[in-house]
Amino acid sequence: MWETIKGFLRRHRRKFFITGAVVGGVYLLSRYARWRLAEWQRQQEMEYVEQARKQHHFESNQRTCTITLFSLVPNLRDALMEKLNCEAITGKLRERPSNKLELWEQLKVLSFTRTIASVYSSCMLFVFLRVQLNIIGGYLYLDSLTMTGEASNGKNGKKVHIAEGLQKRYLAVVRYLMGDGLDFLIEEIRRTVEDILGEISLKEKFSLEELTRLIKHIRQSMEFPNHSVPINGKLKDASNQPTKNGHHMRPLTKFMLPTDVESLCDTVGKEGDDNFKNLIGETLDILESEDCLFVLKMCLDAGFAHVMHNMIPFFQAEELELGAVGGIELESTLDLPLAKIIPIINGQINHVLCDSDNNYFQDLFKVGSARDFAANIYEAFSFELD
């Protein structure tokens with residue numbers, strides 16, 4: 001019997017070897033496949049956790065942007081009201097001075113300048129903080145990975161992308177927008193307003209639509225300085241004109257950040273200037289990008305639309321208001337002389353830059369491209385290059 005079995009094994013040993021090899025190979029492949037599947041699942045879990053962590057860090061960074069913005073709003077409002085002191089002129093007018101007409105002309109220019117400057121400066125501050133804080137946010141995220149030994153570059157955990165001292169220097173750059181940049185902005189808006197409103201009589205009447213065209217003409221002169229058209233020209237699509245020779249919106253960048261980086265370095269010392277200059281250069285590149293200019297334009301559109309919407313009730317006839325149906329917005333029907341529009345436009349700064357229940361900034365937060373823009377900046381600076 002044993003001889004029979006041995007003979008059977010000898011005759012079929014090749015088959016047994018092949019079968020064993022196949023079975024063993026299948027077993028090893030299945031073990032390898034299970035190991036690879038477990039590795040893939042573990043990698044997916046790690047990526048999910050890291051993505052959730054990164055998203056949480058990004059959301060926290062956006063809240064910081066919002067808090068910083070609202071902390072600077074009172075300073076911006078006070079600076080505008082000090083530099084464009086309309087109240088001093090209205091106080092003099094109450095005293096019935098002999099130069100009453102001259103004071104009214106000054107008030108005309110200052111009131112329009114102050115409201116327009118409040119929209120421009122607030123939108124620039126809104127965009128600038130999103131650029132600045134998302135650059136820092138991306139670098140801080142990389143530093144958080146480095147500290148925990150998870151950095152993708154695999155280094156020894158000592159690399160720091162943005163040191164604390166550099167952070168403070170960089171964050172202080174916003175003072176330019178709140179200081180010299182604001183002065184330059186006010187002066188340019190004042191000159192533009194004087195050129196456009198200088199010859200318009202205080203008695204000339206405007207409908208809300210005509211006032212909107214007037215504001216658009218001032219905007220066009222600010223944003224298209226080399227392509228201004230007469231006020232009687234077709235302006236309704238002026239803000240949507242294509243870029244010509246790179247002039248559209250780019251003149252506004254100079255109010256957010258000076259092109260002379262050395263002037264910023266001189267104000268804070270020389271230590272670490274190379275890293276600081278690199279940060280400023282990266283910021284300037286983003287501010288001058290087409291994406292940033294588009295976001296700024298969308299914010300300006302939303303800001304001026306909010307201001308004009310606030311003025312609708314002043315152009316509605318009282319007898320129509322008495323018969324209005326709740327929830328239905330009345331059409332503006334009145335034409336008001338410029339002298340009556342001046343106090344209305346003068347008070348808009350208190351709506352644009354108010355401390356609480358600020359619907360103006362809520363409209364800016366609704367600009368979807370602004371959040372996408374912030375996310376793109378954060379993603380770009382939170383990605384470690386090999």
Side-chain angles (χ1 to χ4, degrees), residues 69-70 72-74 76-81 83-84 86-87 90 107-127 182 185-186 188-190 192-194 196-197 200 205-223 231 235-240 249 252 255 295-316 329-367 370:
L69 174 67
F70 282 116
L72 293 174
V73 165
L76 180 60
R77 183 188 61 242
D78 293 345
L80 285 170
M81 296 188 75
K83 298 173 188 294
L84 298 165
C86 298
E87 286 69 29
T90 55
L107 185 61
K108 176 179 70 175
V109 173
L110 286 185
S111 60
F112 274 85
T113 300
R114 188 164 77 172
T115 293
I116 293 172
S118 68
V119 176
Y120 271 106
S121 58
S122 58
C123 288
M124 289 178 190
L125 183 63
F126 179 84
V127 172
L182 184 61
L185 174 66
I186 289 172
E188 188 152 328
I189 293 175
R190 188 205 298 265
T192 304
V193 171
E194 286 178 343
I196 294 174
L197 294 183
I200 299 179
K205 291 188 176 182
F206 288 84
S207 65
L208 184 62
E209 181 180 355
E210 291 168 339
L211 182 62
T212 302
R213 283 170 52 84
L214 182 66
I215 298 295
K216 282 187 176 181
H217 183 55
I218 296 173
R219 278 193 64 185
Q220 183 193 23
S221 299
M222 287 289 298
E223 298 164 23
I231 191 170
L235 299 178
K236 62 180 180 179
D237 296 323
S239 60
N240 295 320
M249 300 294 293
L252 302 181
F255 304 121
V295 170
L296 180 55
K297 177 189 177 299
M298 292 297 101
C299 290
L300 288 169
D301 289 346
F304 280 106
H306 181 92
V307 170
M308 300 314 298
H309 186 269
N310 278 349
M311 300 181 69
I312 289 177
F314 298 99
F315 287 85
Q316 292 172 340
E329 191 173 273
L330 298 172
E331 293 185 0
S332 56
T333 59
L334 298 180
D335 291 350
L336 298 179
L338 186 56
K340 285 192 175 182
I341 294 175
I342 289 173
I344 301 171
I345 200 82
N346 185 43
Q348 292 304 307
I349 189 174
N350 296 316
H351 296 285
V352 172
L353 300 177
C354 64
D355 292 329
S356 59
D357 297 328
N358 193 313
N359 294 324
Y360 170 82
F361 280 110
Q362 293 303 320
D363 286 348
L364 296 190
F365 291 136
K366 292 176 184 176
V367 177

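Not measured: the values here are computed from a predicted model.
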Notebook entry, point to check: Looking at CZ of R190 and CD of E194, how far apart are the two atoms once the value is rounded to the nearest 0.5 Å?
Noted result: 6.5 Å
Margin query: Checking F304 against T212 for the side-chain contact (heavy atoms from CB on, under 4.5 Å) test, could you report, in this order, the C-alpha distance in whole Å, the side-chain angles of both residues, the deciding distance, and whether it holds?
Written below: CA-CA 9 Å; F304 280 106; T212 302; over 6 Å; no
Check: Does R114 use its side chain to pair, donor to acceptor, with the backbone of N346 at less than 3.5 Å?
Finding: yes
Notebook entry, point to check: Would F70 and F361 count as a close aromatic pair, with their ring centres under 6.0 Å?
Noted result: yes
Margin query: To the closest 0.5 Å, what do you measure between CE (M298) and SG (C123)?
Written below: 11.0 Å
Notebook entry, point to check: Quick one: does L197's side chain get under 4.5 Å of L214's, heavy atoms only?
Noted result: yes
Notebook entry, point to check: Atom OG1 in T192, atom CZ in R219: separation rounded to 0.5 Å?
Noted result: 13.0 Å
Checklist line | Atom of A339, atom of P343 and distance for their closest heavy-atom approach | finding: O-CD, 3.1 Å
Check: With a 4.5 Å limit on heavy-atom distance, are the side chains of F365 and L69 in contact?
Finding: yes
Note to self: What I'd like to find out is whether the side chain of V119 reaches to under 4.5 Å of the side chain of H306, using heavy atoms alone.
What the structure shows: no
Margin query: Using only atom types and a distance under 3.5 Å, with no angle test, would you say the side chain of K108 pairs donor to acceptor with the backbone of I200?
Written below: yes
Check: How many angstroms lie between CG in L252 and NZ in K297, if you round to the nearest 0.5 Å?
Finding: 12.0 Å
Note to self: If you compare all heavy atoms of I196 against all heavy atoms of S221, which two are closest, and at what distance to 0.1 Å?
What the structure shows: CD1-OG, 3.8 Å
Notebook entry, point to check: Heavy-atom distance under 4.5 Å between the side chains of K83 and L182, does that happen here?
Noted result: yes
Next item on the list: Return yes if a side-chain donor-acceptor contact under 3.5 Å exists between E223 and Y120, otherwise no.
Entry: yes
Item checked: Minimal non-hydrogen separation, Y360 against G303, with atom names -> CE1-CA, 3.4 Å
Check: Just wondering, do I215 and F112 contact through their side chains at under 4.5 Å, heavy atoms?
Finding: yes
Margin query: Can you give me the closest heavy-atom contact between S118 and L80, atom names plus distance?
Written below: CA-CD1, 3.6 Å
Check: Within the distance-only criterion (no hydrogens, no angle test), does the side chain of T115 pair as donor or acceptor with the backbone N or O of I345 below 3.5 angstrom?
Finding: yes
Check: With a 4.5 Å limit on heavy-atom distance, are the side chains of K205 and E210 in contact?
Finding: no
Check: Rounded to the nearest 0.5 Å, what separation is found between the NZ atom of K340 and the CG atom of L334?
Finding: 9.0 Å
Check: Are any side-chain N or O atoms of N358 and backbone N or O atoms of V352, one a donor and one an acceptor, separated by less than 3.5 Å?
Finding: yes
Margin query: Any heavy-atom pair between the side chains of L336 and I344 that's under 4.5 Å?
Written below: yes
Next item on the list: Measure from the ring center of F315 to the ring center of F206 and say whether it is less than 6.0 Å.
Entry: no
Notebook entry, point to check: Taking atom CG of L84 and atom CG of L107, what is their separation to the nearest 0.5 Å?
Noted result: 11.0 Å
